[in-house]
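For reference, the structure discussed in these notes is given below.
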There are 2 protein chains.
Amino acid sequence: MGRKRLQTSADGRPTVHTVAARAGVSIASASRVLNGIGGSAETVRKVRAAAAEVGYVPNAIARSLQSQRTGLVALAVADIGNPVYVAMMRAIEAVVTSSGRQLLVHATGGEIESETDLLRRLANRYVDGMIMSPIRITDRHLDAIVVSPIPVVVVGQLPDDAPVDNVRTDSRAGVALAVDHLVAAGRQRIGLVNGPLDTVPGAARDAGFRAALASHGIPVDERLIEVGDFQYAAGRDAAARLFARAEPDALLCANDLIAVGALHALLTERRRVPEDVALVGMDDTELAQMAFPQLSSVSLGSAARGRRAAELLLERIADPDLPPRREHVAPSLVVRASSTVGRPTPGGTPSSRRPSSGGATRPGGRAAPADGTVGVTS
Amino acid sequence: MGRKRLQTSADGRPTVHTVAARAGVSIASASRVLNGIGGSAETVRKVRAAAAEVGYVPNAIARSLQSQRTGLVALAVADIGNPVYVAMMRAIEAVVTSSGRQLLVHATGGEIESETDLLRRLANRYVDGMIMSPIRITDRHLDAIVVSPIPVVVVGQLPDDAPVDNVRTDSRAGVALAVDHLVAAGRQRIGLVNGPLDTVPGAARDAGFRAALASHGIPVDERLIEVGDFQYAAGRDAAARLFARAEPDALLCANDLIAVGALHALLTERRRVPEDVALVGMDDTELAQMAFPQLSSVSLGSAARGRRAAELLLERIADPDLPPRREHVAPSLVVRASSTVGRPTPGGTPSSRRPSSGGATRPGGRAAPADGTVGVTS
DNA sequence: TTGTATGCGTTATCAA
DNA sequence: TTGATAACGCATACAA
């Protein structure tokens, strides 16, 4: 009997057996030394030497099969190109790495197949837990989550009875903050450039917008509502279509990508922002600060939601028997130059009016991101 | 003898044993049915039923230990916040998924520790291969790559003797394209806003800039060179510092994030772009098209490099014995409104002048991204 | 077709 | 301290 030829892995790489044989000890001793537990000075020396000589690298898969954990956590988002996910990812990563784990990100493209597929594959033990922020939530998603062998935390709206850990915000209230702000600034013909209505955020923004207008006694003019998708180009084109058929004095955009697109459309047509048209985005991403003029934007607390989701996930990994939890992060409005005529320069002005729908209004010009990340290119 | 109590996994989840016992067959039969090979109609029925009843989900780790592969490929980049990596990632993902694998992304923050750590952890079999695009390449990186049990492809410059698959561009030539273009447009006082000089791209841009000026007989004015990092805020601040002490009539920025920052600084000071100062970025990311005016930018073929890197990786996974390969992607210049006075509207004008240093100059206004990704928020 | 037995590479158990 | 051996959960060569 005896193993294969030279106690080497299938692809010829060294294993504990290789090291043990070379050091002249048992695999148990080799394993112990390699893990830093026990061993006489002489044994330790021999094993260390043997491992170095053959270039031994432990097989993480085998180790995980034994330990039932990989130390990996995954984040599944629709589109890494959207800065809101970058902010969320950074917050999550901070929490995850501080627990000694590593974060892996997967872009699903928003496709249901891809998302449930990912759940099927990664969740089958390749990662210890997963955070997902689906744009559309279907029964397929819920089924996949419930059957998943690993903990899953969802960022975004979920049916009330779903037994799934979940961190959400109130984007309807967020929309109300923006509308309140614009109305307080004297705007009456407020337009909306939204994403698809069959998405969770798209539907919420639409409903919130109509409700907010109603609360101010402003009738809804359907010509002032345009729908594209949540991308820059769609926002630019949708805004252009809207301007071709109506004359808004303010524009609320469903996210900052759309808002930057709308800004582009406005500037192309030589309209002044905010003098002719006030502009407000949503998500309060880096893009809002990068635009000129800087964009007012409704913060939906993406970083806070990410951080909280990560914390919930770690708690559940530690104790799988916890009951499902549901947490909320309140939206707030960050006012900058794109919606305030008096202050066209960076660093917006806080709105003094208390919004009707709860939530806070914050001054603009947050401190520069203090994370040590490095942007770079080839 | 006999297994634990109820042939169930350590954490109580069903295994093949659970299913087999419940179906009254051997684990071999259960495994076969579960994998869709063989089995009588009756056996198949019983196993399927049993699997469904207990909610069986295969353990991917155990399967991988057996098959020696996970079907996962990783991409390690410094900063997901930089759109250039988003473009690269999309190209890579297309190739990877079409091979039936899945792509996972990891943001390293550009820290050496994090990058070599990642190599140590993921590369130990959690993924079948890895693509990395480090901002700084140290001996630690090379050591870690060489010792890695899985294939690694590097996007970026590498020492010539490094036995590592590698896809690179010539950013010095790219810088020359930009300088040639600006000089041809009559600009003489060209500034550079660069990233850290101890990074591979930073050093290349600095050297390329000086060489390009020399080739036109323009003396280097150190006051026209500013260094920050590769981020938006740093670009904005560095540009402001530069304007405070010199009067450039053109500005070349080391990447698009810096360029957008510089644009912000220029507009804040009410300077006209491109009339007063022409602006050229690098990487030709989505940001270049989102800015107003749209930015001319040196394309370093990030999508092409990503695609090629993915192809190289898949080839090597299929045949680990291939010799190390080194591929090049030529830079090109995309001219848009920010550097051409005659055409301030979207859709730039191609430069007619053939650059001195090889490489192509392309017309601006590429078609909108046709990938089906969805940007979205909460 | 079905079951038995073994291996994947590692860690943990338990005598010695 | 050390070594033989049994898991971890799955797949498969081989024999029945």
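Naming: A, B, ... by sequence-line order, numbering from 1 per chain. Keep in mind that the numbers below use all heavy atoms, side chains included, and drop hydrogens, waters and symmetry copies. Being a predicted model, the structure only gives us computed values, none of them experimental.
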**Message:** Strictly distance-based, threshold 3.5 Å: is any side-chain N or O of A:Arg307 a donor or acceptor partner for the main-chain N or O of A:Ala94?
**Reply:** no
**Asked** Within the pair B:Thr15 and D:dG9, is there a side-chain N or O less than 4.0 Å away from OP1 or OP2?
**Response** no
**Request:** Check whether any side-chain nitrogen or oxygen of A:Ser40 sits under 4.0 Å from OP1 or OP2 of D:dT2, and answer yes or no.
**Result:** yes
**Message:** Is A:Ser29 close enough to D:dG3 that one of its side-chain N or O atoms is under 4.0 Å from OP1 or OP2 there?
**Reply:** yes
**Fill in**
Rounded to whole Å, the CD1-C1' distance (A:Ile61 to C:dT10) equals 12 Å
**Request:** Would you mind reading off the distance between B:Lys46 atom NZ and C:dT1 atom P, rounded to a whole angstrom?
**Result:** 15 Å
**Request:** Identify whether any heavy atom of A:Ser64 sits under 4.0 Å from a base atom; if not, whether one sits that close to sugar-phosphate; answer base, sugar-phosphate or nothing.
**Result:** nothing
**Prompt:** Any donor-acceptor pair under 3.5 Å linking the side chain of B:Thr43 with the backbone of B:Gly39?
**Reply:** no
**Request:** Tell me, with the steps shown, if A:Asp160 and A:Arg326 meet salt bridge (charged side-chain N to carboxylate O under 4.0 Å, His left out).
**Result:** CA-CA 9 Å; A:Asp160 283 340; A:Arg326 174 152 302 166; 3.5 Å; yes
**Complete:** To the nearest angstrom, the CZ-P distance between B:Arg69 and D:dA11 comes to 13 Å
**Asked** When you check the side-chain N and O atoms of A:Ser67 and A:Arg69, is any donor under 3.5 Å from an acceptor?
**Response** no
**Asked** Just how far, in rounded Å, is C1' of C:dT10 from CG of B:Asn59?
**Response** 14 Å
**Protein-to-nucleotide contact annotation, 5' to 3' order, nucleotides 11-16 of chain C [B base; S sugar-phosphate only; - none; under 4.0 Å, heavy atom]** = BBB---
**Complete:** Rounded to whole Å, CG of B:Asn124 lies from C1' of C:dC8 at a distance of 16 Å
**Request:** Output yes when B:Glu42 and B:Arg45 qualify as a salt bridge under the 4.0 Å nitrogen-oxygen rule, no when they do not.
**Result:** yes
**Message:** If you define the side chain from C-beta out and look only at heavy atoms, does anything of A:Leu313 sit under 4.5 Å from A:Val73?
**Reply:** yes
**Asked** Looking just at side-chain N and O atoms, do A:Thr138 and A:Arg140 make a donor-acceptor pair shorter than 3.5 Å?
**Response** no
**Most 5' of B:Gly39 and A:Leu65 on DNA chain C, judged by nearest nucleotide** = B:Gly39
**Rounded distance in Å - NE2 (A:His17) to P (C:dC8)** = 8 Å
**Asked** Could you give the angle between the helix axes at the two ends of the helix from C:dG3-D:dC14 to C:dA16-D:dT1, with five pairs per end, rounded to 10 degrees?
**Response** 50°
**Item:** Residue pair B:Tyr126 / A:Ser64, side-chain donor-acceptor N/O under 3.5 Å
**Value:** yes
**Prompt:** Is the backbone of B:Tyr85 close enough, under 3.5 Å, to the side chain of B:Asn82 for a donor and an acceptor to pair up by distance?
**Reply:** no
